[in-house]
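Heads up: the structure comes next, in structure tokens.
All residue numbers refer to positions in the sequence shown, counting from 1. Only a predicted model underlies this, so the values are computations on that prediction, with no experimental measurement involved.
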Amino acid sequence: MSPIDTALALASQALWLSSPNPRVGCVLVNPQGQTIGQGFTQAAGGPHAEVMALRDALAQGHPTQGATAYVTLEPCSHHGRTGPCCDTLIQAGIRKVVASIEDPNPQVSGQGFARLRAAGVEVEVGPGAAASRELNIGFFSRMVRKQPWVRLKVAASLDGTTALDNGNSQWITSEAARTDGHAWRARACAVLTGIGTVLQDKPRLDVRLVKTPRQPHLVIVDSDLQTPPNAPLFAVQRKIMIYAAKPHAVRQAALEAQGAEIIYLPGKHADGSPSGKVDLHVMVMDLGQRDINELHVEAGHKLNGSLLRAGVVDELLVYLAPQLLGVGAGMSNFGPLTELSQGIALEFKSAEMVGKDLRVLSRVANHDTF
């Protein structure tokens with residue numbers, strides 16, 4: 001495995017850890033071609049990949065003078081929760097930096113490379129760029145588009161039924177698929193659902209089936225503030241944001257007493273009159289301002305349809321069970337359409353077996369071209 005491939009593998013270890021910071025890995029190689037240090041970005045406020053790799057080298061007694069640093073993202077050049085990594089590499093005597101891709105953060109965006117070169121450090125950019133960007137698709141989305149990467153997760157029968165007419169949906173897919181779904185939850189900055197799911201399923205919507213160093217935030221679309229203050233979802237320690245369209249002082253106070261933050265974002269009809277619903281597009285932009293990189297949606301067919309209709313969904317994560325269920329709730333409720341061309345065009349990214357179920361990952365066409 002090449003040093004940059006090793007660095008990418010290290011970066012993947014930050015998948016459930018580093019948000020809202022990017023997932024970055026770093027490998028140090030001495031002039032003799034020996035790996036002397038490795039590391040990946042820690043939790044927000046903790047050391048970045050470069051610092052972890054330098055610490056690793058120091059702990060092993062390896063000098064870093066003249067070494068090459070292979071890193072999956074441009075070393076930062078600004079003071080945030082930590083100091084600039086480019087300066088740390090310069091001080092450590094690093095001779096060359098091989099970086100996968102430029103940091104899209106406007107506070108960095110080439111400035112890290114410029115400072116390295118100004119200090120006489122050779123810089124090479126490009127190896128592993130596609131893989132690094134893919135690993136950080138949410139971070140790139142937030143930095144470039146100012147909004148999170150929105151992934152809509154669905155569990156359905158082969159004929160697309162997500163729940164029976166009586167609301168029964170547990171469990172259409174297997175335990176293996178549910179565990180895999182929790183792994184996708186864990187990598188997100190926040191999980192989003194709607195009030196219908198809160199009232200019908202009484203979910204916790206936390207990560208339980210895989211080990212995780214943190215719980216993602218929870219976002220609820222609840223236009224009338226109907227979320228019960230004693231809902232099971234409040235049993236989990238995490239940030240909870242409830243987006244509403246209509247003020248209800250008593251309900252708001254009860255929910256705030258449970259630690260929820262209430263955000264009013266009322267939507268409007270085309271004629272300017274109040275829709276009575278949350279403005280989903282503005283909500284997604286607001287979540288970007290709140291440092292949400294990846295937003296993982298687990299909702300019912302009505303909210304799924306509204307999100308798709310609003311054009312804010314980027315990716316669909318669909319688990320299909322080897323079963324036919326016939327009449328019931330579908331994956332999403334939007335339309336009706338009059339022409340096939342009016343449909344939402346998708347691009348298949350992968351199809352894999354997870355236990356006895358099929359996991360299909362697809363993207364809304366042209367949503368990843370930023």
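- Between the side chain of Glu122 and the main chain of Arg95, no donor-acceptor pair closer than 3.5 Å is present.
- Under the salt bridge (Lys or Arg N to Asp or Glu O under 4.0 Å) test applied with Asp291, the options Lys239, Arg142, Lys146 reduce to a single match, Arg142.
- Of the N and O atoms on the side chains of Ser174 and Asp357, at least one donor lies less than 3.5 Å from an acceptor on the other residue.
- Crowding of Glu175 atom CD: a count of heavy atoms from other residues, nucleotides or ligands under 6.0 Å not exceeding 12.
- Among residue pairs with one or both ends in residues 327-356, those qualifying as salt bridge (Lys or Arg N to Asp or Glu O under 4.0 Å) are Glu352-Arg359; sequence neighbours excluded.
- Each side chain to side chain donor-acceptor pair (under 3.5 Å) pair with one or both residues in residues 320-336, not counting sequence neighbours, would appear here, but there are none.
- Identified under the salt bridge (Lys or Arg N to Asp or Glu O under 4.0 Å) test for residues 210-227, with sequence neighbours left out: Asp224-Lys246.
- Taking a 6.0 Å sphere around CD of Gln60, one finds it holds more than 12 heavy atoms contributed by other residues, nucleotides or ligands.
- Partners of Glu315 under the side-chain hydrogen bond (donor to acceptor under 3.5 Å, both in side chains) rule, at least two apart in sequence or in another chain, are Trp149, Arg151, Arg363.
- Looking only at atom types and distance, the side chain of Asn366 has no donor-acceptor partner in the side chain of Thr369 under 3.5 Å away.
- With sequence neighbours excluded, the residues satisfying side-chain hydrogen bond (donor to acceptor under 3.5 Å, both in side chains) with Asp271 are Ser273.
- With sequence neighbours excluded, the residues that form a side chain to side chain contact (heavy atoms under 4.5 Å, CB included) with Arg208 are His182, Arg185, Arg204, Asp206.
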